[in-house]
Amino acid sequence: MDRNAERRRADGLRRALRPRPADEPLLDLAGNDYLGLSRDKRVIDGAADALRTWGAGSTGSRLVTGSTQLHARLEDALAAFTGAEAALVFSSGYTANLGAVTALSGPGSLIVSDAANHASLVDACRLSRARVAVTPHNDLAAVEDALARRTEERAVVVTDSVNSAEGDLAPLRALHAVCRARGAALVVDEAHGLGVCGPGGRGHVAAEGLAGADDVVLTMTLSKSLGSQGGAVLGPRRVIDHLVDTARTMIFDTGLAPACAGAALAALQILREDPGLPGAVLAAAAALAEAAGVPAPPSAVVSVVLGEPEVAFAAAGRCAELGLRVGCFRPPSVPEGTSRLRLTARADLTEPDLDRARAVLATVLAQARP
């Protein structure tokens, strides 16, 4: 461990936890609270009401005592909002991805996974016991070739709808056409799409006209746009029934805490009532991108590639010194040579907030870029 730690230190890849205070003065452009709802009174009240009604914990796994009427209400609301037939709530987006991918594949299956997929999808592929073909990011021809060459009867293609580091969108409509032509199911992680992309924030799958398709399964997190904690899988009812029978991260994990379910349900209601929130996120992202000198993204994620990890880490530290918290993505989160600042937009950013961000980015990036 010591040798590996020293190697990571020499490569500029050591990491550390930095607990933040409740009243932190920094302007946060690093978190994923895209709609600014994690501190919204209505969301907090939803959590508090659930806490008083159901208690602090769910008390058991979903199949024992961990399913409450509140969980069922949340599942119905998520399915109705996204256009899916049914939903199943998990304790996190990570466990939702593990549960969905492993339950839909297994020995004798092929999984085709985008090279830039989130670690939860990568780990799900590794745990699946299926053969895994990793294809270059958003490379449709490579996906089709992998499916065409397979000897397995069953195949699943997995991708993020919005890449968490780049902020770009998967070509879902074309990808779905390839999957359907080759007899494969499509699993799409909408973690960074829900609340930001699509009509009223219903996600990139809905934007591409694939909501409710019988060969598409969505996964998502409740911890980003919905400002809470937890995850969910959505899709055809028979898929959800299959997950209840077979998804190990649902069967053997304690159910989502009621307060988290209550908060997510309240946040979803806010999103329903204010369909302008996603547009506000994208407008803020465009403003941040302009300040950073990069193209405006189709999502909330603004990626500012600086190259070597030491450069990105120092730039993030300088931003913090000047009152701006930004993300710093280094390998293995991103490929070698592409360490970057990752800025995230929020719907509640004000014009003074953006002016503050512009001033800090102008100073820091002038020093960080050659």
Side-chain angles (χ1 to χ4, degrees), residues 11-39 116 162-169 192-193 195-197 224-225 227 276-331 333-370:
D11 292 340
L13 298 178
R14 285 306 305 271
R15 288 160 168 81
L17 298 176
R18 295 179 176 82
R20 57 183 174 87
D23 56 349
E24 185 178 49
L26 274 64
L27 175 61
D28 180 21
L29 297 182
N32 297 317
D33 184 18
Y34 297 137
L35 303 184
L37 295 179
S38 68
R39 290 178 177 264
V162 178
N163 182 263
S164 61
E166 295 285 352
D168 61 334
L169 304 181
H192 299 272
V196 177
C197 302
K224 295 181 171 59
S225 287
L277 285 173
V281 180
L282 295 176
L288 292 173
E290 183 179 15
V294 298
S299 68
V301 177
V302 179
S303 182
V304 186
V305 177
L306 295 178
E308 295 308 310
E310 297 89 345
V311 176
F313 185 75
R318 182 60 177 148
C319 283
E321 292 172 1
L322 297 176
L324 189 67
R325 183 175 296 285
V326 301
C328 176
F329 276 33
R330 298 169 287 170
S333 300
V334 294
E336 297 282 348
T338 68
S339 291
R340 67 196 66 193
L341 301 184
R342 177 184 181 269
L343 316 177
T344 49
R346 296 198 318 272
D348 62 342
L349 289 174
T350 64
E351 195 57 37
D353 289 335
L354 292 172
D355 286 341
R356 183 178 172 187
R358 291 183 184 104
V360 172
L361 290 172
T363 299
V364 173
L365 294 179
Q367 299 168 350
R369 285 171 170 155

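Values reported hereafter were calculated over all heavy atoms of this structure, with side chains retained and with hydrogens, waters and symmetry mates removed.
Heavy atoms from other residues, nucleotides or ligands lying under 6.0 Å from CZ of Arg20 number 12 at most. Heavy atoms from other residues, nucleotides or ligands lying under 6.0 Å from CD of Glu336 number 12 at most. Counting non-hydrogen atoms of other residues, nucleotides and ligands closer than 6.0 Å to CZ of Arg14 gives a total above 12. The number of heavy atoms from other shown groups lying within 6.0 Å of CZ (Phe329) is above 12.
The heavy-atom pair separating Ala345 from Ala285 by the smallest distance is CB-N, 3.4 Å. Shortest non-hydrogen contact noted between Leu306 and Ala368 is CD1-CB, 4.1 Å.
The line from CG of Leu169 to CG of Asn163 is 10.0 Å long, rounded to the nearest 0.5 Å. Annotation: the span from Cys328 atom SG to Arg342 atom CZ amounts to 12.0 Å, rounded to 0.5 Å. To the nearest 0.5 angstrom, Leu277 atom CG is 9.0 Å from Ser225 atom OG. Considering OH of Tyr34 and OG of Ser299, their distance stands at 7.0 Å, rounded to 0.5 Å. Separation of atoms CG (Leu365) and CG (Leu341) is listed at 6.5 Å; rounding is to 0.5 Å.
Residues Ser303 and Pro297 have side chains not in contact (no heavy-atom distance under 4.5 Å, counting atoms from C-beta outward). Between Leu343 and Leu361 there is a side-chain heavy-atom pair separated by less than 4.5 Å. Here the side chains of Val196 and Val162 are not in contact, with every heavy-atom distance at 4.5 Å or above. Residues Val301 and Glu166 have side chains not in contact (no heavy-atom distance under 4.5 Å, counting atoms from C-beta outward). Considering only heavy atoms from C-beta on, Leu324 comes within 4.5 Å of Leu29 through its side chain. In this structure, His192 and Asn32 have side chains that are in contact, with non-hydrogen atoms separated by less than 4.5 Å. Side-chain contact between Val311 and Pro309: absent, with no pair of heavy atoms (C-beta onward) separated by less than 4.5 Å. Using a 4.5 Å heavy-atom cutoff, the side chains of Val364 and Arg318 are in contact.
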Arg369 vs Val304, test: side chain to side chain contact (heavy atoms under 4.5 Å, CB included). Steps then yes/no. CA-CA 10 Å; Arg369 285 171 170 155; Val304 186; 3.3 Å; yes
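For the pair Thr338 (side chain) and Gly307 (backbone), a donor-acceptor distance under 3.5 Å is absent. Checking side-chain atoms of Asp11 against main-chain N and O of Leu13 turns up no donor-acceptor pair under 3.5 Å. Listed for the Arg340 side chain is no donor-acceptor partner under 3.5 Å among the backbone atoms of Val334. Judged purely by atom type and a 3.5 angstrom limit, Arg346 has no side-chain atom pairing as donor or acceptor with the backbone of Thr344. Asp33 places no side-chain N or O within donor-acceptor distance of the main-chain N or O of Gly227, the cut-off being under 3.5 Å.
Using a 4.0 Å cut-off between a side-chain N of Lys or Arg and a carboxylate O of Asp or Glu, Glu24 and Arg18 do not qualify as a salt bridge. Salt bridge present: Asp355 and Arg358 bring a charged side-chain N and a carboxylate O closer than 4.0 Å. Ionic pairing of Arg330 and Glu308 is not present here: no N-O contact between side-chain nitrogen and carboxylate oxygen is shorter than 4.0 angstrom.
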